Protein chains: 2
Amino acid sequence: MTKQEPGWELYRSFLAVLREGSLSAAGRALGLTQPSVGRHVEELERALGASLFTRSPQGLTPTETALELRTHAEVMAAAAAALLRAASGPADEVAGSVRVTASVVVGVEVLPPILTAFRRDHPKVAIELSLSNETEDLLRRDADIAVRMVRPTQGALVARHLGVIALGLHAHRSYLETHGTPASWDDLANHSLIGFDTETAVIRTLRARGRYFGREHFAFRADSDVAQLAAIRAGFGVGICQVGLGRRDPDLVHLLLGTLGFDLDTWLVMHPDLKSSRRVRLLYDHLALGLADYIRNGQ
Amino acid sequence: MTKQEPGWELYRSFLAVLREGSLSAAGRALGLTQPSVGRHVEELERALGASLFTRSPQGLTPTETALELRTHAEVMAAAAAALLRAASGPADEVAGSVRVTASVVVGVEVLPPILTAFRRDHPKVAIELSLSNETEDLLRRDADIAVRMVRPTQGALVARHLGVIALGLHAHRSYLETHGTPASWDDLANHSLIGFDTETAVIRTLRARGRYFGREHFAFRADSDVAQLAAIRAGFGVGICQVGLGRRDPDLVHLLLGTLGFDLDTWLVMHPDLKSSRRVRLLYDHLALGLADYIRNGQ
DNA sequence: GAATAGATATACATAAATTTATGACTAAGC
DNA sequence: GCTTAGTCATAAATTTATGTATATCTATTC
């Protein structure tokens with residue numbers, strides 16, 4: 001007697017429990033009830049011959065094995081989501097939905113008008129925007145199209161280099177009127193600086209070039225790039241943002257022009273399989289044009 | 001009322017129908033009955049709002065949309081299979097199963113003794129060997145470890161360069177006794193040649209260097225490399241095989257030494273996630289050693 | 001041309017899974 | 001200390017899905 005392969009529903013419930021942390025919550029998320037999810041997990045444990053969770057009154061905590069299996073279940077879920085998206089409209093028609101991922105600033109400041117223009121031309125296409133500063137995996141189809149600030153490392157992806165987004169030190173006019181305009185890099189030490197909280201690769205690069213300060217110099221610390229931008233706009237102090245964004249707002253002043261020397265290489269990426277999907281392809285081309293426009297204006 | 005997300009079982013049945021070509025066959029493959037699978041497909045069609053198959057008395061033929069969705073379902077299936085493999089044994093113990101993919105010759109001629117040695121040391125690890133000349137997708141976890149003859153293009157994979165497998169013209173002693181030994185490359189035209197049926201990239205490269213013949217010159221044509229090797233061993237004529245294999249068999253003669261000038265770059269590849277799996281890691285290292293040994297002997 | 005094998009589709013009884021309802025337990029807030 | 005909200009576990013009720021049996025249709029074979 002061969003061990004019957006477990007049904008895929010079991011994996012779905014298993015993943016939901018991992019994500020939600022309890023049978024009850026998983027049940028709610030899936031539109032099932034707690035006992036059902038409980039039995040699914042039990043059944044999967046029996047089928048795999050391994051215990052997946054240690055039960056406790058405040059929820060289930062996953063075992064080692066459960067954590068190892070999680071990735072695979074996530075892949076299944078991503079594929080299921082991608083399938084749904086692909087099925088959301090006939091590939092030859094321009095209808096359905098497309099999922100785009102980008103950094104938060106780009107998603108909030110740059111993309112909206114571009115997407116609005118696209119929407120005007122193709123009103124049947126719904127757009128999902130997933131904003132995060134961790135890069136989502138296009139090979140896993142976490143998204144259909146990605147705007148990346150790093151050269152794509154994964155081969156086999158369709159990528160287009162859009163150009164370089166210039167970064168620059170900015171401050172609000174109101175701030176400068178009160179505190180004066182920094183005349184040199186060293187002068188910045190006397191100002192309210194806006195910067196990152198945790199040190200990322202970008203910041204280490206900047207510091208290596210001596211062009212940026214450590215965490216302790218910042219009067220306003222936030223990892224979110226939009227939060228920093230908001231702080232600049234609110235006149236909190238001096239911070240870094242994309243030159244293109246600064247130029248849009250007449251009250252923002254670009255300081256110490258050209259001294260930053262650090263730019264964002266910008267790429268548009270998608271999965272090769274999606275080239276045949278009309279709506280994805282159209283949005284890809286549209287984004288390429290719109291972003292190239294934006295980048296050109298920032299230079 | 002939000003449209004409820006379709007259950008994963010439906011995808012499973014959908015894929016089975018695509019693979020098997022009929023509801024009945026899919027039912028047999030899944031251990032379900034034809035009406036059940038039929039209902040699954042119906043339900044999925046309703047949930048997606050698209051027709052997936054056109055019914056006919058001789059089976060179901062997939063629609064355009066069904067073919068587009070297939071990839072995603074395949075990804076789900078691959079992930080499910082990978083999950084099962086991962087769950088086949090605790091990651092810290094050396095037990096469970098590992099799936100290795102390689103070309104047919106390598107799998108038939110080179111790997112068996114290496115795997116046998118591994119088995120002796122780790123008797124609890126089951127080994128799945130998937131032999132094919134199309135490269136399986138490691139990112140999709142179609143296999144855990146791959147022996148590749150081309151440099152891996154997909155970034156983010158763990159790859160180790162093992163060296164270069166030398167190829168050479170070979171013939172069986174019995175053939176040479178009857179038909180004489182070809183003295184030069186041009187002389188080959190007077191011999192029974194063993195070669196490929198369809199033209200692959202490898203062959204085009206060879207022909208571009210003027211070191212190989214077209215399809216029409218071959219007296220024995222087979223796309224399978226093992227079949228070619230078998231033909232050489234049977235004394236059918238002159239063909240190409242790995243020097244390391246020729247050297248093992250005292251009756252095989254390496255002809256026109258060093259004139260071929262075409263080699264196989266060899267790589268061992270695995271998914272980075274699997275580094276933490278003890279059994280996969282051990283087999284990876286063992287294969288690296290064993291294959292490097294084999295390659296060294298072929299030079 | 002009839003018989004066969006393989007396919008889908010439908011009807012209905014049955015088996016299986018889900019929901020509902022309940023109990024027991026834990027942690028936090030008043 | 002008691003209430004409230006959260007959890008998992010269990011047993012009975014019900015819905016749901018499955019399997020069986022049958023009809024039908026179409027190529028293929030004898």
Side-chain angles (χ1 to χ4, degrees), chain A residues 1-48 50-67 70 73 76 80, chain B residues 1-48 50-67 70 73 76 80:
Chain A
M1 189 185 106
T2 323
K3 219 187 276 176
Q4 175 88 340
E5 191 185 309
W8 288 9
E9 290 292 339
L10 305 186
Y11 298 131
R12 189 165 166 236
S13 297
F14 164 66
L15 178 60
V17 174
L18 277 174
R19 283 178 172 169
E20 307 292 335
S22 79
L23 294 180
S24 322
R28 281 192 293 275
L30 293 175
L32 296 177
T33 53
Q34 167 257 314
S36 305
V37 179
R39 251 173 324 93
H40 283 174
V41 171
E42 268 178 31
E43 200 180 330
L44 187 58
E45 286 182 322
R46 232 173 327 106
L48 298 180
S51 107
L52 296 170
F53 298 94
T54 54
R55 272 78 169 171
S56 89
Q58 49 280 23
L60 307 198
T61 49
T63 63
E64 271 300 301
T65 20
L67 293 176
R70 174 166 193 160
M76 290 187 75
Chain B
M1 190 186 107
T2 324
K3 217 187 277 176
Q4 174 88 340
E5 190 184 312
W8 288 9
E9 289 294 337
L10 304 186
Y11 298 130
R12 188 162 166 237
S13 296
F14 164 65
L15 179 60
V17 174
L18 277 173
R19 282 178 171 168
E20 308 291 334
S22 80
L23 296 179
S24 320
R28 283 192 292 274
L30 292 175
L32 297 177
T33 54
Q34 168 255 318
S36 305
V37 179
R39 277 186 293 256
H40 283 173
V41 171
E42 269 177 33
E43 198 181 331
L44 187 58
E45 286 182 321
R46 237 177 319 108
L48 298 180
S51 107
L52 296 171
F53 298 94
T54 54
R55 272 77 169 172
S56 88
Q58 10 341 341
L60 307 198
T61 49
T63 63
E64 270 301 300
T65 20
L67 293 176
R70 174 167 193 159
M76 290 186 75

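Fair warning: this is a prediction, and the values are worked out from it, not measured in the lab. The figures that follow rest on heavy atoms only: side chains count, while hydrogens, waters and symmetry mates do not.
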Gap separating the CZ atom of B:R19 from the CZ atom of B:R70, nearest 0.5 angstrom
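It comes to 7.0 Å.
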Give a yes/no on whether any side-chain N or O of A:T33 is located under 4.0 angstrom from OP1 or OP2 of C:dT20.
no
Any A:R55 side-chain nitrogen or oxygen under 4.0 Å from OP1 or OP2 of D:dA9
yes
Without swapping roles, check the side chain of A:E9 against the backbone of B:W8 for a donor-acceptor pair under 3.5 Å.
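Looks like yes, one N/O pair under 3.5 Å.
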I need the CZ-C1' distance between B:F53 and C:dA9, as an integer number of Å.
16 Å
Hey, is the side chain of A:S36 poking within less than 4.0 Å of OP1 or OP2 on C:dA17, counting only N and O atoms?
no
Side chain of A:L23 only, please: which of C:dA11, C:dT8, D:dA9 is the nearest?
D:dA9
Closer than 4.0 Å, any side-chain N/O of B:S22 to the OP1 or OP2 of C:dG6?
no
Using a cut-off of less than 4.0 Å, is there contact between a side-chain N or O of B:H40 and OP1 or OP2 of D:dA17?
no
Judged by atom type as modelled, is there a donor-acceptor pair below 3.5 Å linking the side chain of B:T54 to the main-chain atoms of B:T61?
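Here the side-chain-to-backbone pair exists.
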Quick one: the side chain of A:Q34 and the base of D:dA9, do they pair up donor-acceptor inside 3.5 Å?
yes
For B:V37 and B:S13, which heavy atoms make the closest approach, and how far apart are they?
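Where B:V37 meets B:S13 most closely, the heavy atoms are CG1-CB, 4.3 Å.
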Find the distance B:R46:CZ to D:dA17:C1' and express it as a whole number of Å.
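Distance, rounded to whole Å: 13 Å.
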Enter the inter-axis angle for the ends of the helix from C:dG1-D:dC30 to C:dC30-D:dG1 (five pairs per end, rounded to 10°).
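The end-segment axes of the helix from C:dG1-D:dC30 to C:dC30-D:dG1 are tilted 20° relative to each other.
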Contact check, side chains of A:Y11 and A:L15, non-hydrogen atoms, under 4.5 Å:
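In short, these two side chains do not touch, never coming nearer than 4.5 Å.
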Side chains of B:H40 and B:L32, heavy atoms from C-beta outward: is any pair under 4.5 Å?
yes
Measure from CG on B:L60 to C1' on D:dC25 and round the result to the nearest Å.
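To the nearest whole Å, that distance equals 14 Å.
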Length of the CD-C1' vector between A:E42 and D:dA9, whole Å:
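Going from CD in A:E42 over to C1' in D:dA9 covers 9 Å.
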Residue pair B:A25/B:P35 against DNA chain C: nearer the 5' end by closest nucleotide is B:A25
Separation of C:dT18 C1' from A:R28 CZ (nearest whole Å):
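That distance rounds to 18 Å.
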B:L32 CG to D:dT20 C1', straight-line distance once rounded to whole Å:
14 Å
Would you kindly give the CD-to-C1' distance between B:E20 and C:dA7, to the nearest whole Å?
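After rounding, the reported distance stands at 14 Å.
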Between C1' on D:dT18 and CG on B:L30, what's the gap in Å once rounded to a whole number?
14 Å
Is the phosphate of C:dA17 approached by A:R39 (side-chain N or O, under 4.0 Å from OP1 or OP2)?
no
Report yes if some heavy atom in the side chain of B:E45 is under 4.5 Å from a heavy atom in the side chain of B:V41; otherwise report no.
yes
